There are 2 protein chains.
Amino acid sequence: MTLREVLAENLKRHRLAAGLSQEELAHRADIDRTYVSSLERCQYAATVDVIEKLARELKIDASLLLQQP
Amino acid sequence: MTLREVLAENLKRHRLAAGLSQEELAHRADIDRTYVSSLERCQYAATVDVIEKLARELKIDASLLLQQP
DNA sequence: CTGTGACTTGCAGTCCGTG
DNA sequence: CCACGGACTGCAAGTCACA
């Protein structure tokens, strides 16, 4: 289980819990829709800057996105 | 307080707690010596791949490196 | 609404050195 | 042991069309 996969799962779970689509979250976090899609499919190793934007819009602590199940 | 700064502080604190120098940690995590120094000075936005390597050698959960004080 | 391939660009990350 | 610099490479970052 890589950290990319952990991030992907946590991102999707918290996004759905917030009732947001990939598009809505992307728009609010000011990043591209397809990039959020890429992250949820483990295509890239996100930087802390992106994690910060996502966590802010999901209204959660950034560390929750990297938390192992 | 940016997430880069949070990472920088947590990295330094956990590194010292493990009794490792920047050089030793870098060598064990198989990343560049000067890059660990750069991260502790908030020069770059680290990727989750690097965070994973660092956390593994520090024997802590990756989420602890992004945890807000 | 989301997955995907193709593409360009800026920065993450490396390697050499210095005081 | 660490901060800091320059130069380099590869990938994250960001955009688009299409299914």
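Protein chains get the first letters and strands the later ones, always in sequence-line order, with residue 1 at the start of each. Worth knowing before you read on, the calculation uses all heavy atoms, side chains too, and leaves out hydrogens, waters and symmetry mates. Computed from a predicted model, the values in this text were never measured in an experiment.
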If you restrict it to nitrogen or oxygen atoms, what contacts under 3.5 Å exist between nucleotides 6-8 of chain D and the protein, and what is each distance?
none

How long is the line joining [atom1] of [X] and [atom2] of [N], in whole Å?
X: B/His27; N: D/dC1; atom1: NE2; atom2: P; result: 13 Å
X: A/Glu23; N: D/dT15; atom1: CD; atom2: C1'; result: 15 Å
X: A/Asp32; N: D/dC16; atom1: CG; atom2: P; result: 8 Å
X: B/Arg15; N: D/dA3; atom1: CZ; atom2: C1'; result: 12 Å
X: B/Tyr35; N: D/dG10; atom1: OH; atom2: P; result: 17 Å
X: A/Gln43; N: D/dT15; atom1: CD; atom2: P; result: 16 Å

Fill in: Residue whose nearest DNA chain C nucleotide is more 5′ - B/Val48 or A/Leu16
A/Leu16
Practice prompt. Please find the earliest and latest nucleotides of DNA chain C, in the 5' to 3' direction, that have an atom within less than 4.0 Å of any heavy atom of chain B.
Written response: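 Under 4.0 Å from chain B, the extent on DNA chain C is C/dA12 to C/dG17.
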Item to complete: Take the C1' atoms of the five end pairs on each side of the helix from C/dT2-D/dA19 to C/dG19-D/dC2, get both axes, and report the angle to 10 degrees.
Response: 50°
Worksheet item: Between A/Arg4 and D/dA12, is there a side-chain N or O to OP1/OP2 distance below 4.0 Å?
Response: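 The answer is yes; a side-chain N or O of A/Arg4 sits under 4.0 Å from OP1 or OP2.
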Worksheet entry | Short side-chain N/O contact to D/dA3 OP1/OP2 from B/Ser37, under 4.0 Å |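 Yes, because at least one side-chain N or O of B/Ser37 sits under 4.0 Å from OP1 or OP2 of D/dA3.
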Discussion item. Quick one: does any side-chain atom of A/His14 pair with a main-chain N or O of A/Asn10 as donor and acceptor, under 3.5 Å?
Written reply: yes
Worksheet item: Hey, does the side chain of B/Glu9 reach the backbone of B/Val6 with a donor-acceptor pair shorter than 3.5 angstrom?
Response: no
Worksheet item: At what distance, to the nearest 0.5 angstrom, does CG of A/Asp30 lie from CZ of A/Arg28?
Response: 13.5 Å
Discussion item. Nearest 0.5 angstrom please: B/Lys53 NZ to B/Leu25 CG, how far?
Written reply: 11.5 Å
Practice prompt. Have a look at B/Gln22 and say if it touches a base, only the backbone sugar-phosphate, or nothing, with a 4.0 Å heavy-atom cut-off.
Written response: sugar-phosphate
Practice prompt. Report the nucleotide, chosen from D/dA12, D/dC1, D/dG14, that has the shortest atom-to-atom distance to any side-chain atom of B/Ser21.
Written response: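 Output: D/dC1.
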Worksheet item: What are the two closest non-hydrogen atoms of B/Ile31 and B/Val50, and how far apart are they?
Response: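 That closest heavy-atom pairing would be CD1-CG1, 4.3 Å.
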Worksheet entry | salt bridge (Lys or Arg N to Asp or Glu O under 4.0 Å) against B/Arg33, all qualifying residues, sequence neighbours excluded | none
Donor-acceptor list for residues 38-47 of chain B side chains, cut-off 3.5 Å, not counting sequence neighbours:
residue, atom, partner, partner atom, Å
B/Ser38, OG, B/Thr34, O, 2.9
B/Glu40, OE1, B/Arg15, NH2, 3.1
B/Glu40, OE1, B/Gln22, NE2, 3.0
B/Glu40, OE2, B/Arg15, NE, 2.6
B/Glu40, OE2, B/Arg15, NH2, 3.4
B/Arg41, NE, B/Ser37, O, 3.4
B/Arg41, NE, B/Ser37, OG, 3.3
B/Arg41, NH1, B/Gln43, OE1, 3.0
B/Arg41, NH2, B/Ser37, OG, 3.1

Under 3.5 Å donor-acceptor pairs involving side-chain atoms of residues 54-69 of chain A, not counting sequence neighbours:
residue, atom, partner, partner atom, Å
A/Asp61, OD1, A/Ser63, N, 3.0
A/Asp61, OD1, A/Ser63, OG, 2.7

Worksheet entry | Single-linkage hydrophobic cluster, 4.5 Å side-chain cutoff, B/Leu20 and B/Leu16 together | no
Discussion item. Within the 4.5 Å heavy-atom criterion, are A/Leu7 and A/Thr2 side-chain neighbours or not?
Written reply: no
